[in-house]
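Each chain gets a letter, A, B and so on, in the order the sequences are listed, and its residues count up from 1. Worth knowing before you read on, the calculation uses all heavy atoms, side chains too, and leaves out hydrogens, waters and symmetry mates.
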Amino acid sequence: MTTQQTSTPATAQGPFEPEVTGAFATWMADGWTVTWRNLNKVKRSPDMLIFAVLQPIMFVLLFSQVFGGAIGGDNPNFDYTDFLMAGIFAQTVVFGSTFSGAAMAQDLKEGIIDRFRTLPMSPSAVLVGRTNADLALNTISMVIMILTGLAIGWRFENGVLSFLGGVALLMLFSYSFSWVMALLGMMVKTPETINNASFMILFPLTFISNAFVPAESLPKVFGIIANWNPVSALVQGARELFGNTGGTVAADTWPMQNPVITAIIGSVLMLLIFVPLCVKKFGNVSSR
Amino acid sequence: MSIIEAKGLTKTYSTRSGTVHALAGLDLSVPEGTVKGLLGPNGAGKTTTVKVLNTLIKPDSGTATVDSIDVVNDPQGVRRVIGASGQYAAVDENLTGLENLEMVGRLYHLGIKRSRARAKELIEAFDLTAAGNRPVKGFSGGMRRRIDLAGALVNRPRILFLDEPTTGLDPASRLGLWETISDLVRGGTTVLLTTQYLEEADYLADHISVIDSGHVIAEGTSDELKAQVGGHRVVVTVADEGDSQQAQDILRHHGAGKLSVSDGGREISVVVDQGPTTLQAVLSDLGNAQIRLHDAGMQRPTLDDVFLTLTGHKAAQDDDTEQEAS
């Protein structure tokens with residue numbers, strides 16, 4: 001620094017030499033800086049954290065205790081709590097991903113996107129930081145749900161590795177879905193719009209699936225939709241990896257017969273399509 | 001060559017109500033170390049001009065360079081040498097003042113240590129030490145603007161873009177910000193500033209470009225622009241609206257330009273050639289016509305008059321912000 005630091009924020013010396021150089025190093029550093037910024041927000045608004053912790057507990061308890069007795073009640077081999085867990089995990093992390101959209105819309109509204117876009121940072125860093133932070137928040141929700149589930153008697157039956165595989169599948173899918181929501185978040189005018197819109201999309205997407213009840217118990221048309229619904233493949237994949245199918249038989253469609261591969265392909269496709277679209281969109285957005 | 005150069009910039013938006021030519025062949029040139037003020041009403045194209053130059057939007061046609069770097073071909077290069085502060089404070093509400101500035105430093109790739117040091121330095125320079133460790137959420141509008149301006153200065157830019165830096169601020173905060181900007185200019189920073197406030201352009205800018213409908217309609221120093229309008233104005237306010245027509249006739253007779261009538265016809269003003277002599281003559285004629293006056297006097301031309309003379313309409317000063325962004 002200069003020896004004579006006056007009260008004026010001297011700019012005359014001209015720009016600093018950057019310390020971090022190279023495309024990959026700056027991309028990593030920028031992505032981490034924005035992640036740090038977003039996680040700080042969670043730290044400073046405890047309501048968000050409480051929501052991320054309490055809502056999953058509530059859902060696990062409500063669904064298992066309220067519906068548990070009514071669903072599959074006459075089949076002694078069918079344990080609804082075991083069956084439910086993969087479904088409730090999937091629903092919660094997919095809903096958690098919508099936060100990426102609302103947060104992008106909020107950042108645009110507040111004008112900080114304009115600040116980011118006049119900085120020489122990696123074009124994808126804001127999006128990477130956004131989706132990373134939401135992955136972290138979703139991971140917290142996931143851990144809470146697993147602990148709650150274990151406390152009320154849920155058990156995974158296929159060993160720890162297979163169980164972790166199921167968790168990884170859920171996190172991968174939700175991370176990819178964050179990018180879809182981030183794009184929507186940059187296209188809407190207000191954060192409220194994205195909140196309302198995501199409920200309109202996500203309730204049918206998660207309820208017309210095998211998440212809460214076996215697909216064959218749904219009315220015929222819904223049953224067909226459910227068997228091709230990507231969320232069903234995700235739930236079925238996690239359920240099989242957890243060893244929680246409870247004797248239910250997967251429908252005779254390719255996605256339901258190969259649910260893990262379907263969920264992975266779906267996630268990778270979402271990333272391949274929406275990451276470039278998001279980066280392109282980000283290069284053109286400006287506040288208001 | 002000037003440090004900021006723009007040639008023939010155009011930008012068109014399609015909106016529901018039709019096509020908007022936000023920029024219609026705008027030329028601009030800002031010599032190094034000077035302050036250029038872009039003056040114009042809402043929707044004139046000021047914000048769009050700044051957003052093209054600070055790489056937020058791409059022009060449809062035309063060229064622009066900042067520090068000899070092309071804004072379209074090398075936006076990252078431009079971003080390294082400029083600082084930008086927008087109409088609304090672009091700060092993160094949840095971060096403290098220090099954290100906001102540290103984040104900006106890290107995104108300039110200064111490294112965490114140097115970013116922290118620079119953040120602290122700026123917080124001190126901007127008299128925000130007491131607030132530096134509190135989330136911006138609790139800051140006043142004036143403090144947010146200061147943080148935002150500090151954010152624009154993190155990388156010691158020699159070129160600064162300020163888009164309506166004081167819109168919405170109270171007079172004391174405005175004056176404070178003006179002084180800060182003046183300090184920067186004394187340090188050699190080149191500033192491109194947009195404003196709707198005529199006194200702001202008058203106070204800060206060495207050169208003013210008056211913009212209307214997406215292009216520059218007049219350029220010069222504040223004094224040069226005022227000289228274009230002519231000398232003094234005579235302004236009278238009649239007590240009774242019914243006298244307005246008659247009073248207008250008298251002013252038109254003595255005046256040397258178009259009449260300007262406002263306040264429901266009660267306030268009438270006109271440019272005159274011979275200041276005091278003409279005022280006397282006007283007052284004597286008004287007296288003979290037995291027109292009661294609420295107020296009468298002479299005014300030196302303001303930039304408002306410049307604007308009126310050049311465009312035929314007043315510089316809008318309502319609170320609406322420019323709706324130019326995509």
Side-chain angles (χ1 to χ4, degrees), chain A residues 1-2 5-23 25-45 48 106-123 125-126 129 283-288, chain B residues 51 54-58 75-84 86-95 99 103-111 113-114 117-118 121-122 124-127 135 137 148 150-153 155-158 160-161 180 183-184 186-189 321 323 325-326:
Chain A
M1 292 296 127
T2 51
Q5 195 59 59
T6 61
S7 67
T8 55
T11 60
Q13 301 110 309
F16 291 101
E17 272 306 307
E19 195 170 294
V20 185
T21 53
T26 53
W27 179 77
M28 287 286 286
D30 292 347
W32 165 240
T33 301
V34 180
T35 308
W36 167 82
R37 171 243 170 183
N38 290 330
L39 290 178
N40 248 311
K41 185 176 193 130
V42 178
K43 205 173 76 187
R44 296 265 156 72
S45 21
M48 266 170 65
Q106 185 71 28
D107 282 353
L108 268 171
K109 190 180 156 197
E110 282 173 4
I112 194 154
I113 295 288
D114 277 6
R115 162 70 69 216
F116 286 141
R117 287 207 47 233
T118 56
L119 298 175
M121 58 194 285
S122 308
V126 170
N284 291 313
V285 290
S286 179
S287 294
R288 290 158 280 105
Chain B
K51 282 188 170 177
N54 71 18
T55 75
L56 279 174
I57 56 177
K58 289 190 182 73
Q76 291 290 55
V78 171
R79 288 167 192 158
R80 257 176 231 116
V81 299
I82 64 164
Q87 260 179 56
Y88 297 96
V91 289
D92 190 318
E93 299 262 300
N94 295 288
L95 299 185
E99 285 168 345
M103 175 179 76
V104 173
R106 283 163 66 170
L107 294 173
Y108 273 115
H109 309 129
L110 305 189
K113 239 181 161 173
R114 201 158 39 151
R118 179 67 176 151
E121 191 175 282
L122 284 167
E124 280 163 13
F126 277 81
D127 287 331
K137 234 183 278 188
D148 189 47
L153 300 177
N155 202 31
R156 298 195 303 215
R158 284 182 296 117
L160 194 58
F161 294 96
T180 308
D183 278 350
L184 287 168
R186 272 193 289 278
T189 309
T321 51
Q323 292 295 331
S326 55

- State, to 0.1 Å, how close B:Lys137 and A:Arg44 come at their nearest heavy-atom pair, and which atoms those are. NZ-O, 4.4 Å
- Most contact-rich option vs chain A, by heavy-atom pairs under 4.5 angstrom, among B:Glu99, B:Lys58, B:Glu93, is B:Glu99
- Query: Does the side chain of B:His109 come within less than 4.5 Å of A:Thr21's, by heavy atoms?
  - Reply: no
- Close side-chain approach of A:Thr118 to B:Leu56, heavy-atom, < 4.5 Å: yes
- Note on the structure: Heavy-atom closest pair (A:Leu119 atom, B:Gln76 atom, distance to 0.1 Å) is O-OE1, 3.9 Å
- Note on the structure: Given B:Gly83, B:Gly151, B:Pro75, B:Pro135, the one with more heavy-atom pairs under 4.5 angstrom with chain A than any other is B:Gly151
- Which bit of B:Ala150 comes within less than 4.5 Å of chain A, counting heavy atoms only: side chain, backbone, both or neither? neither
- By side-chain hydrogen bond (donor to acceptor under 3.5 Å, both in side chains), which residues pair with A:Ser122, not counting sequence neighbours? A:Asp30
- Query: Checking B:Val91 against chain A: side chain, backbone, both or neither under 4.5 Å from a heavy atom?
  - Reply: backbone
- Which atom pair, heavy atoms only, marks the closest approach of A:Pro15 to B:Arg158? CD-NE, 4.4 Å
- Item | Contact origin within B:Asp148 toward chain A - heavy atom pairs under 4.5 Å | both
- In terms of heavy-atom pairs under 4.5 Å, which option from A:Ile113, A:Ile112, A:Val34, A:Asn40 contacts chain B the most? A:Ile112
- Message: So, using salt bridge (Lys or Arg N to Asp or Glu O under 4.0 Å) as the criterion, who are the partners of A:Arg37 when residues are at least two apart?
- Response: A:Asp107, B:Asp92
- Message: A side-chain contact here means heavy atoms from C-beta on lying under 4.5 Å apart; do A:Pro120 and B:Arg80 qualify?
- Response: yes
- Task: Would you check if the side chain of B:Arg79 reaches a backbone N or O of A:Arg117 as a donor-acceptor pair within less than 3.5 Å?
- Result: yes
- Task: Could you grab the distance from atom CZ of A:Phe16 to atom CZ of B:Arg118, nearest 0.5 Å is fine?
- Result: 4.5 Å
- Query: If you take all heavy atoms of B:Arg114 and A:Glu17, which pair is closest and at what distance?
  - Reply: NH2-O, 2.7 Å
- Message: If I compare all heavy atoms of B:Leu110 with all of A:Glu19, which pair ends up nearest, and what's the gap?
- Response: O-OE1, 3.2 Å
- Message: Testing the basics here: between B:Ala90 and A:Gly111, what is the closest heavy-atom pair and its distance to 0.1 Å?
- Response: CB-O, 3.2 Å
